[in-house]
Amino acid sequence: MKKKNIVFMICALVVQLAALTYFALYSINIKNSAEKDGRIVKIACTAYDPYHPFKGRYILLTTSENAYIKNRAEYYLQENFADKVDAMNWKDFNELKPVLELYVDSKDQFVIKGVTVLATPGDESSRIQIEEYLENAE
């Protein structure tokens, strides 16, 4: 290989690593700030589970319009959980009253914390992470 090619490859690698580090630190900083200030926003939503050939499986959350999410957000699941959601009837899933949780920092920047559902329908005190619910689902 020519020296120019090696230098170019090293520069490209450094830029990629810098970008990954920036995005990781960005999310961590928002999360830490939100936890410190108690700024965890919960938004009731309804869900639909589409499949996209490039994006993979995700839950499309439709919310009432608020300051952070304008009508919809996408929440990605691991493939094994996504398969369980696919097998569910959407009316039954939405009866679990899904709630989107966001970490919001003092500048109103946010990252998604997760989605919770009711482990026992109608019992708001039974709210758990969707992954935990799906892990225990038959």
Side-chain angles (χ1 to χ4, degrees):
M1 264 191 186
K2 294 182 179 180
K3 287 185 182 182
K4 280 185 177 180
N5 290 343
I6 292 173
V7 171
F8 176 76
M9 288 174 56
I10 290 171
C11 288
L13 180 63
V14 168
V15 168
Q16 289 176 343
L17 290 174
L20 289 173
T21 302
Y22 170 80
F23 287 117
L25 291 176
Y26 174 82
S27 296
I28 290 168
N29 287 337
I30 290 174
K31 178 183 175 190
N32 290 340
S33 173
E35 286 178 335
K36 181 181 137 212
D37 297 338
R39 292 177 55 112
I40 298 174
V41 175
K42 297 178 180 182
I43 305 168
C45 55
T46 56
Y48 173 69
D49 182 32
Y51 175 77
H52 189 279
F54 297 109
K55 293 181 179 180
R57 296 183 188 282
Y58 59 96
I59 298 176
L60 182 62
L61 304 169
T62 304
T63 66
S64 57
E65 189 169 316
N66 64 59
Y68 304 106
I69 301 291
K70 304 286 188 215
N71 300 328
R72 65 182 217 163
E74 296 171 353
Y75 184 71
Y76 291 86
L77 291 168
Q78 292 178 352
E79 194 69 25
N80 58 326
F81 294 136
D83 289 340
K84 289 181 180 181
V85 172
D86 275 346
M88 294 178 76
N89 176 307
W90 280 102
K91 183 179 177 190
D92 293 340
F93 181 79
N94 284 319
E95 286 179 5
L96 299 174
K97 306 293 183 202
V99 169
L100 174 66
E101 295 182 347
L102 306 173
Y103 290 116
V104 182
D105 71 5
S106 59
K107 297 175 187 171
D108 284 342
Q109 299 172 332
F110 69 89
V111 293
I112 294 176
K113 177 182 181 198
V115 172
T116 62
V117 295
L118 300 178
T120 305
D123 180 7
E124 195 60 41
S125 67
S126 70
R127 192 161 287 285
I128 59 174
Q129 293 293 320
I130 189 171
E131 291 85 357
E132 182 181 348
Y133 176 83
L134 294 170
E135 196 170 76
N136 297 325
E138 293 290 322

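Side-chain atoms are counted along with the backbone in the values below, which use heavy atoms only and exclude waters and symmetry mates.
Atom OG1 of residue Thr120 and atom CZ of residue Arg127 lie 11.5 Å apart, to the nearest 0.5 angstrom. A distance of 9.5 Å separates CD of Gln109 from CG of Asn29, quoted to the nearest 0.5 Å. Note that CD1 of Ile6 is 12.0 Å distant from SG of Cys11, once rounded to the nearest 0.5 Å.
Residue Tyr26 shares its hydrophobic cluster (ILVMFWY side chains chained together at separations under 4.5 Å) with Tyr22, Phe23, Ile30, Ile40, Tyr103, Val111. Other members of the cluster containing Phe8 do not exist, because no ILVMFWY side chain is joined to it at under 4.5 Å. Hydrophobic cluster membership of Leu17, counting Ile, Leu, Val, Met, Phe, Trp and Tyr whose side-chain heavy atoms lie under 4.5 Å apart directly or via other members: Leu13. Hydrophobic clustering, defined by side-chain heavy atoms of Ile, Leu, Val, Met, Phe, Trp and Tyr closer than 4.5 Å, leaves Ile28 isolated from every other such residue.
Every residue two or more places apart in sequence or in another chain was checked for a salt bridge (charged side-chain N to carboxylate O under 4.0 Å, His left out) with Lys97, and none qualifies. By the side chain to side chain contact (heavy atoms under 4.5 Å, CB included) test, Ala119 pairs with Ser126, Ile128, sequence neighbours left out. Shown here are the side chain to side chain contact (heavy atoms under 4.5 Å, CB included) partners of Lys36, two or more places apart in sequence or in another chain: there are none. In this structure, Phe110 has no ring-ring contact (aromatic ring centres under 6.0 Å, His included) partners at least two apart in sequence or on a different chain. With sequence neighbours excluded, the residues that form a side chain to side chain contact (heavy atoms under 4.5 Å, CB included) with Lys91 are Asn89, Glu95. The salt bridge (charged side-chain N to carboxylate O under 4.0 Å, His left out) test applied to Glu101 returns Lys42, Lys113, not counting sequence neighbours. Qualifying salt bridge (charged side-chain N to carboxylate O under 4.0 Å, His left out) partners for Asp108, counting only residues two or more places apart in sequence or in other chains: Arg39. Residues passing the ring-ring contact (aromatic ring centres under 6.0 Å, His included) test with Tyr76 are Tyr58, sequence neighbours excluded.
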- request: Mind running side chain to side chain contact (heavy atoms under 4.5 Å, CB included) on Phe93 and Ile130 for me, showing each step along the way?
  value: CA-CA 10 Å; Phe93 181 79; Ile130 189 171; 3.3 Å; yes

- request: For the pair Leu100 and Ile112, evaluate side chain to side chain contact (heavy atoms under 4.5 Å, CB included) and give the outcome as yes or no after the intermediate values.
  value: CA-CA 8 Å; Leu100 174 66; Ile112 294 176; 3.7 Å; yes

task: Kindly determine whether Val85 and Leu134 satisfy side chain to side chain contact (heavy atoms under 4.5 Å, CB included), including the steps that lead there.
output: CA-CA 8 Å; Val85 172; Leu134 294 170; 3.4 Å; yes

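Val117 and Tyr75 fall within a single hydrophobic cluster, where Ile, Leu, Val, Met, Phe, Trp and Tyr side chains are chained together by heavy-atom contacts under 4.5 Å. Hydrophobic clustering (ILVMFWY, side-chain heavy atoms < 4.5 Å, transitive): Phe81 and Tyr133 are in one cluster.
Minimum interatomic distance between Thr63 and Cys45 (heavy atoms only, all atoms of both residues): CG2-CB, 3.8 Å. Here the closest non-hydrogen pair linking Ser106 and Ser33 is N-OG, 3.9 Å.
Contact check for Pro121 versus Leu96: side-chain heavy atoms found under the 4.5 Å cut-off.
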